[in-house]
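Everything numeric in this text was worked out from a predicted model, so none of it was measured. Chain letters run A, B, ... following the sequence lines, proteins first, then strands; residues in each count from 1.
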There are 2 protein chains.
Amino acid sequence: MNELIQLKSAGLKSTLPRLKVLSLFESGNDRHLSAEDVYRKLLASGDDVGLATVYRVLNQFEQAGLLVKHHFEGDKSVFELNQGEHHDHIVCLQCGRVEEFYDATIELRQKKAAAERGFAVHDHSLYIYANCIKPKCQYKS
Amino acid sequence: MNELIQLKSAGLKSTLPRLKVLSLFESGNDRHLSAEDVYRKLLASGDDVGLATVYRVLNQFEQAGLLVKHHFEGDKSVFELNQGEHHDHIVCLQCGRVEEFYDATIELRQKKAAAERGFAVHDHSLYIYANCIKPKCQYKS
DNA sequence: TTACAAATGAGAATGATTAGCATTAGCAAC
DNA sequence: GTTGCTAATGCTAATCATTCTCATTTGTAA
């Protein structure tokens with residue numbers, strides 16, 4: 001229930017929609033949610049927020065550093081709670097399962113590659129698209 | 001002028017729009033082009049192709065393995081000639097400059113990370129967003 | 001040259017995301 | 001507690017990249 005405090009310290013006014021969205025991510029049932037996902041889930045739990053508001057809130061949360069935004073292959077963006085430690089993602093092309101991982105060597109070599117070419121790394125995104133090895137994979141549809 | 005042969009061996013009928021698009025990429029003036037870019041350039045050189053056709057052709061070329069498609073941060077996709085050797089990209093957030101690089105260690109560690117978690121890598125995308133170190137960077141706008 | 005399937009072009013349709021604007025709700029000062 | 005003001009919300013319409021539809025045109029093989 002300290003969502004209120006989180007919002008305040010992020011410099012955001014504490015409003016109903018923002019609290020709802022934040023709680024949803026903190027509930028931890030799904031780490032990776034698209035705007036549409038959030039919208040649906042809130043409606044399902046009887047909370048009446050507009051889709052436009054969901055988009056706005058998600059983006060504000062990203063600016064504020066509460067959430068991180070990802071662009072997995074395809075169209076829609078996906079958000080997840082920012083818990084400090086950076087990590088990359090493996091996405092199953094079959095069932096959509098997302099697994100996170102961190103590899104210090106990869107991080108290091110990236111910085112090196114950039115530096116060698118006259119760039120100062122600001123950010124990076126690494127997505128591995130793969131197939132779950134059966135039987136882990138529940139082929140979707 | 002062997003674009004014709006390339007199309008044939010890719011199993012594609014040799015048509016005007018396809019030849020034009022392929023030549024454009026082979027001319028090598030810009031390695032990374034969006035559909036819009038291609039469309040504009042063709043119009044500029046007096047070749048009258050429809051935007052829808054450009055999209056179709058680019059996607060067919062991707063299927064055929066002639067081009068590779070990338071999703072740099074933001075909206076539109078970007079295509080580049082597939083010249084066999086895989087590589088990743090560094091994109092300057094300021095001026096848009098794109099540099100390519102390949103790091104065997106990174107590739108290896110990715111495969112390893114995936115395998116350890118029960119995935120068979122199908123594909124991956126790694127984009128480093130950075131800032132050119134001055135004075136290389138011609139700050140855009 | 002003919003004939004037919006495949007390709008093209010123009011514009012409508014789609015899907016995700018954002019903008020505009022009237023209405024409502026936090027919140028600080030009475 | 002009220003009051004009042006600004007920021008936030010919720011619609012809906014707009015945008016932007018991309019895809020679809022379908023009538024027309026173009027390769028190509030016979």
Check your understanding: Taking OP1 and OP2 of D/dT19, is either one under 4.0 Å from a side-chain nitrogen or oxygen of B/Tyr55?
Key -> no

Review point. Is any side-chain nitrogen or oxygen of B/Ser77 closer than 4.0 Å to OP1 or OP2 of D/dA17?
Key: no

Study note, to complete from the structure: Between B/Leu22 and the options B/Leu7, B/Leu67, B/Leu12, B/Val57, the side-chain contact (heavy atoms from CB on, under 4.5 Å) test singles out B/Leu7

Rounding to an integer number of Å, can you tell me how far [X] [atom1] sits from [N] [atom2]?
X       : N      : atom1 : atom2 : result
A/Leu58 : D/dA8  : CG    : C1'   : 15 Å
B/Arg18 : C/dA6  : CZ    : P     : 11 Å
A/His71 : C/dA16 : NE2   : P     : 15 Å
B/Lys76 : C/dT17 : NZ    : P     : 17 Å
A/Asp75 : C/dT17 : CG    : P     : 7 Å
B/Leu7  : D/dG27 : CG    : P     : 12 Å
B/Phe72 : D/dA17 : CZ    : P     : 17 Å
A/Asn59 : D/dA7  : CG    : C1'   : 17 Å

Point to revise | A/Glu116 bridged to A/Lys112 by N-O distance under 4.0 Å | key: yes

Point to revise | Electrostatic pair A/Asp47-A/Lys41, nearest N-O below 4.0 angstrom | key: no

Exercise for review: State, to 0.1 Å, how close B/Lys69 and B/Phe79 come at their nearest heavy-atom pair, and which atoms those are.
Suggested key: CE-CZ, 3.6 Å

Check your understanding: Looking only at heavy atoms, what is the nearest atom pair of A/Val49 and A/Pro17, with distance?
Key -> CG1-CB, 3.9 Å

Write down the protein N/O and nucleotide N/O pairs, taken from nucleotides 20-27 of chain C, whose separation is under 3.5 Å; answer none if there are no such pairs.
residue	atom	partner	partner atom	Å
C/dC27	OP1	A/Lys8	NZ	3.3
C/dC27	OP1	A/Ser14	N	3.3

**Study point:** B/Phe119 vs A/Ile128 side-chain heavy atoms within contact, under 4.5 Å
**Key:** no

Check your understanding: Can you list every side chain to side chain donor-acceptor pair (under 3.5 Å) pair that touches residues 8-17 of chain A, not counting sequence neighbours?
Key -> none

Practice item. Under 4.0 Å from any atom of DNA chain C, heavy atoms only: list the residues of residues 37-51 of chain B that qualify, in numerical order. Key: B/Asp48, B/Val49, B/Gly50

Review point. Which parts of residues 29-36 of chain A get close to DNA chain C, meaning a heavy atom less than 4.0 angstrom away?
Key: none

Review point. What bend angle does the helix from C/dT1-D/dA30 to C/dC30-D/dG1 show across its length, from five-pair end axes and to the nearest 10 degrees?
Key: 30°

Practice item. Could you check B/Phe25 against B/Leu33 for side-chain contact (heavy atoms from CB on, under 4.5 Å), going step by step and ending with a plain yes or no? Key: CA-CA 8 Å; B/Phe25 276 98; B/Leu33 297 170; 3.9 Å; yes

Exercise for review: Can you sort out the partners of A/Glu36 under salt bridge (Lys or Arg N to Asp or Glu O under 4.0 Å), two or more places apart, ordered by chain and number?
Suggested key: A/Arg40

Check your understanding: In terms of heavy-atom contacts, does NE2 of B/His122 have more than 12 from other residues, nucleotides or ligands at under 6.0 Å?
Key -> no

Practice item. If the plane angle is over 60° it's perpendicular, under 30° parallel, otherwise tilted; pick one for A/His89 and A/His32. Key: perpendicular

Practice item. Would you kindly confirm whether B/Val38 and B/Leu43 end up in one hydrophobic cluster when ILVMFWY residues are joined by side chain heavy atoms under 4.5 Å apart? Key: yes

**Study point:** B/Thr53 side-chain proximity, nearest of C/dG9, D/dT9, C/dT18
**Key:** C/dG9

Review point. Is the gap between the ring centers of B/His86 and B/His124 under 6.0 Å?
Key: yes

Study note, to complete from the structure: CD1 (A/Ile106) and OG1 (B/Thr105) are apart, to the nearest 0.5 Å, by 9.5 Å

